[in-house]
Every structure is written in C-alpha cells, then in structure tokens.
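Remember, predicted model here, so these are calculated numbers, not experimental data.
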Amino acid sequence: DTVVKKTITLPSGQYTTLAMLATGVNGNRPSQTFTVTYSDGTTSVFTQGLSDWHTPQNYAGEGQAVLMAYRDVADATRITNTYYLYGYSFTLNLAKTVSSITLPNSSNAVVIAITLVGAASTATAPSVSPTSITLGASQSQLFSASNLGTNPNWTVSPAVGTVDRKSTRLNSSHLGI
C-alpha cells in the first residue's frame with residue numbers, strides 16, 4: 001500500500017543532497033510536492049514531476065534509474081512490458097540539520113527509496129599524547145593515540161630512520177640516538 005502526505009523521519013545530519021528512487025502509477029504525476037523539514041523548523045520545498053512507470057516524460061531532474069521487463073499484478077499474473085523506476089535528487093541546505101521529509105498528497109506518486117548524500121564530516125579530530133617528547137639514548141616512549149584512521153602517518157623530527165606507521169611506540173633508535 002502507498003501512503004499519502006506521510007512525514008518520514010530522516011537520519012539527523014547535515015547533507016548536500018537527498019536522492020530518491022520513485023515513479024508515478026496510473027498516469028504521470030506532474031508537480032508533486034516534497035517538503036524537507038530541518039531541525040530548526042524551516043523547510044525546503046521541492047516540486048518534481050514523476051513519470052508513469054510505463055511512459056517516461058523526461059521531466060526536468062528525472063533520470064531513468066531501473067529498467068524492468070515486467071510487472072506483477074494483484075491476481076498473481078505478470079504483464080510483460082517495459083517499466084521504469086526514476087532517480088531524482090534535491091539539493092539540501094548544508095548549513096541546516098535535516099529532520100524529515102513529507103511525501104506528496106497522491107497515492108499514485110510512489111517513493112521506493114530515499115538516501116541522504118554528502119554528510120558533513122562528524123569525525124573526531126585525531127589526537128596523540130604526549131604531543132612532544134625528547135628521548136635520550138636507549139629511551140622509549142609509549143604514545144596514546146586515538147581517531148587516527150586506518151593508516152596513520154607519524155612525523156619524526158629530526159627525520160632519521162624509520163617509524164612503524166601502525167605503532168604507537170617510538171624509541172631512541174627511530175631518532176638515530
């Protein structure tokens with residue numbers, strides 16, 4: 001069953017684009033309204049035509065995303081023909097936090113999938129402790145490191161010898177002492 005004017009909660013975050021897979025059924029659906037609501041209560045309203053899944057209209061902002069060779073009917077029969085799902089994308093306000101989307105007021109505007117693209121980075125900055133040390137001969141220091149990613153790159157100054165890039169232990173031999 002389809003839903004009409006349903007508000008769907010979206011993953012909270014700052015995104016550049018809302019991408020959607022959708023189609024019209026029982027005829028083309030011009031001028032359908034999609035409303036994205038941000039956490040501060042403001043909205044972005046997008047008006048988009050949805051082609052019928054059997055008769056592409058090539059509305060602005062519409063691309064043929066999935067080609068299907070048949071459709072199943074409620075009586076368990078199959079109709080062989082060409083049917084489409086279409087791709088759409090809406091540019092979001094990256095300065096705002098997305099909260100929800102309200103779908104069009106038509107049971108013949110069918111949304112199959114929605115995804116949010118281009119989330120602003122929420123990664124925690126890398127940290128290493130201690131940040132600076134002086135090693136004498138035969139001394140070593142264990143570092144506490146977090147949020148370094150999968151391939152940390154240590155910088156040793158003065159640059160003498162090599163350092164195991166995945167290690168958190170630096171000893172005096174790395175510095176040529």
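Using a distance-only test at 3.5 Å, with no hydrogens or angles considered, a donor-acceptor pair links the side chain of Gln48 to the main chain of Ala60. Remark: side-chain polar atoms of Ser106 are paired, donor with acceptor, to backbone N or O of Asn108 under 3.5 angstrom. Glu62 contributes a side-chain N or O that, together with a main-chain N or O of Ser51, makes up a donor-acceptor pair within less than 3.5 Å. Using a distance-only test at 3.5 Å, with no hydrogens or angles considered, a donor-acceptor pair links the side chain of Thr16 to the main chain of Val117. At distances below 3.5 Å, at least one donor-acceptor pair connects side-chain atoms of Asp52 with backbone N or O atoms of Gly27.
The hydrophobic cluster containing Leu50 also contains Val36, counting ILVMFWY residues as joined when their side-chain heavy atoms lie under 4.5 angstrom apart, directly or transitively. Leu67 and Tyr59 sit in two unconnected hydrophobic clusters of ILVMFWY residues. Membership requires side-chain heavy atoms under 4.5 Å apart, directly or through other members. If you chain together hydrophobic residues whose side chains sit under 4.5 Å apart, Val25 and Leu21 fall into the same group. Both Leu85 and Val73 are assigned to one and the same hydrophobic cluster, defined by single-linkage of ILVMFWY side chains at heavy-atom distances under 4.5 Å. Both Val66 and Ile79 belong to a single network of hydrophobic side chains, linked directly or stepwise wherever heavy atoms of I, L, V, M, F, W or Y lie under 4.5 Å apart.
Relative ring orientation between Tyr83 and His54 is described as tilted, the plane-to-plane angle lying within the 30° to 60° band.
With contacts defined as side-chain heavy-atom distances shorter than 4.5 Å, the pair Phe34/Val111 qualifies. Looking at Leu92 and Phe46, their side chains come closer than 4.5 Å, going by heavy atoms from C-beta outward. At least one side-chain heavy atom of Asn93 sits under 4.5 Å from a side-chain heavy atom of Tyr38. Here the side chains of Val45 and Thr33 are in contact, with some heavy-atom distance below 4.5 Å. Side-chain contact between Pro56 and Gln64 is present, with at least one heavy-atom pair separated by less than 4.5 Å.
Atom-to-atom distance recorded for Leu103:CG and Ile8:CD1 is 4.0 Å, nearest 0.5 angstrom. How far CZ of Arg29 is from OG of Ser107: 8.0 Å, rounded to the nearest 0.5 Å. Atoms CG and CH2, from Asn28 and Trp53 in turn, are 13.5 Å apart once rounded to the nearest 0.5 Å. Atoms OG1 and CG, from Thr17 and Leu94 in turn, are 9.5 Å apart once rounded to the nearest 0.5 Å. Note that OG1 of Thr77 and CZ of Arg71 are 8.5 Å apart. Values are rounded to the nearest 0.5 Å. We find the OH-CE distance between Tyr84 and Met68 to be 10.0 Å, quoted to the nearest 0.5 Å.
In this model, a donor atom of one side chain and an acceptor atom of the other lie less than 3.5 Å apart for Thr7 and Thr102. A side-chain donor-acceptor contact under 3.5 Å links Thr42 and Asp40.
The two residues Pro104 and Gln32 come nearest to each other via the heavy atoms CB-OE1, 3.2 Å. Heavy-atom minimum distance, Tyr15 versus Val98: CD1-CG2, 4.0 Å.
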